Amino acid sequence: MSALENIDKTRLPRHIAIIMDGNGRWAKEKGEDRLYGHMHGVESVRNIVEGAAELGVNYLTLYAFSTENWERPEYEVVGLMELLVNTIRQEVESLNKNNIRLHVIGDMSMLPEYARNELEEALEMTAKNTGLNLIMALSYSGRWELLNAVKNIANEVKKGRLNVEAIDQDTLQKFLCTSQFPDPELMIRTSGEYRISNFLLYQLAYAELYFTPVRWPDFRKEDLYQAILDYQSRERRFGKTSDQVLT
Ligand code: IPE
Ligand code: IPE
Ligand code: MG
């Protein structure tokens with residue numbers, strides 16, 4: 001029986017964020033090169049995007065490349081950029097067919113120009129879609145994002161367009177890359193690591209965290225359903241008491 005049958009469709013997380021981890025180890029365990037793992041990771045991306053869209057999840061954020069990942073060996077970085085560009089080129093048509101809108105968050109200035117151009121084209125081509133919002137975190141890190149927000153806010157103050165006293169949480173929210181998206185309710189990390197690795201540090205404040213030993217290239221819809229079921233068994237208290245939440 002699929003876990004899908006037990007999911008309460010009226011209580012789905014609106015936004016799911018995933019740290020897609022374990023490609024390298026998955027490949028090594030098969031005696032293959034790390035890039036082989038990344039190539040197979042693309043299959044999981046396809047499957048999970050389809051699964052999220054079928055369920056009616058509104059936002060899916062996938063952590064594909066962190067600002068720290070630039071420090072990896074050059075052949076892996078180059079291989080990942082090529083894989084990214086080729087995948088986007090191949091997938092735009094299917095994104096449009098499924099009414100999926102692509103977004104990117106991260107430091108785009110770090111990307112090679114050909115990758116940035118390809119991405120911009122894909123963003124434009126899917127901009128009118130109204131179904132699932134697929135947010136790729138690319139050259140992204142939470143600390144980079146917060147630093148960027150602080151600088152931009154300081155600039156607004158300097159130019160006299162913003163009063164320090166008027167800065168509140170809504171102001172900060174507006175200066176994050178995720179200003180158009182609600183915070184994730186569920187964050188999944190694959191491959192048995194129990195850390196955040198600089199992902200959505202501000203936005204995950206009250207997310208439910210789900211960790212699975214499954215390596216990303218093996219992660220499929222059924223694993224996503226399991227994570228959602230687990231999420232639905234949690235009591236989200238937001239600092240209140242259990243009694244307060246239940247009444
Ligand atoms: C996740 O898999 C993909 C990226 C970070 C780009 P890894 O490449 O981190 O795989 P492991 O964690 O080394 O197994
Ligand atoms: C986090 O995975 C980044 C992505 C999945 C894109 P890493 O493999 O880079 O994280 P660490 O090094 O294990 O913390
Ligand atoms: Mg990793």
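Numbering of ligands and ligand atoms starts at 1, following listing order. Keep in mind that this is a model prediction, so the values were computed, not measured.
- Here E32 does not pair with K30 in a salt bridge; the nearest charged N to carboxylate O distance is not below 4.0 Å.
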Apply ring-ring contact (aromatic ring centres under 6.0 Å, His included) to the pair F181 and H103, showing each step before the final yes or no. CA-CA 10 Å; F181 318 125; H103 306 262; 4.9 Å; yes
Which pairs of nitrogen or oxygen atoms, taken one from ligand 2 and one from the protein, are under 3.5 angstrom apart?
residue, atom, partner, partner atom, Å
ligand 2, 8 (O), D21, OD1, 3.2
ligand 2, 8 (O), R72, NH2, 3.3
ligand 2, 9 (O), N69, ND2, 2.9
ligand 2, 9 (O), R72, NH2, 3.4
ligand 2, 10 (O), R189, NH2, 3.4
ligand 2, 10 (O), S197, OG, 3.4
ligand 2, 13 (O), R189, NH2, 3.4
ligand 2, 13 (O), R195, NH2, 2.8
ligand 2, 14 (O), R195, NE, 2.8
ligand 2, 14 (O), S197, OG, 2.6

Apply side-chain contact (heavy atoms from CB on, under 4.5 Å) to residues T190 and R215 and explain how you reach the verdict. CA-CA 6 Å; T190 61; R215 307 271 195 241; over 6 Å; no
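- In the model, S109 has a side-chain atom that pairs as donor or acceptor with a side-chain atom of D107 under 3.5 Å.
- V78 pairs in a side-chain contact (heavy atoms from CB on, under 4.5 Å) with only one of the listed residues (M81, E76, E82), which is E82.
- Not a single heavy atom of R215 lies less than 4.0 angstrom from ligand 1.
- In terms of polar-atom proximity, defined here as any N/O pair under 3.5 Å, W26 makes no such contact with ligand 1.
- Judged by distance alone, the side chains of D218 and S44 never bring a donor and an acceptor atom under 3.5 Å apart.
- Contact of the P184 side chain with the I16 side chain is not registered, since no non-hydrogen atoms from C-beta on lie closer than 4.5 Å.
- A donor-acceptor pair shorter than 3.5 Å can be found between the side chains of Y75 and D33.
- Protein contacts to the Mg ion (ligand 3) involving N, O or S atoms at a distance below 2.8 Å are D21 OD1.
- There is a side-chain donor-acceptor pair under 3.5 Å between N129 and N96.
- In the hydrophobic cluster analysis, where Ile, Leu, Val, Met, Phe, Trp and Tyr join through side-chain heavy atoms closer than 4.5 angstrom, Y206 is grouped apart from I18.
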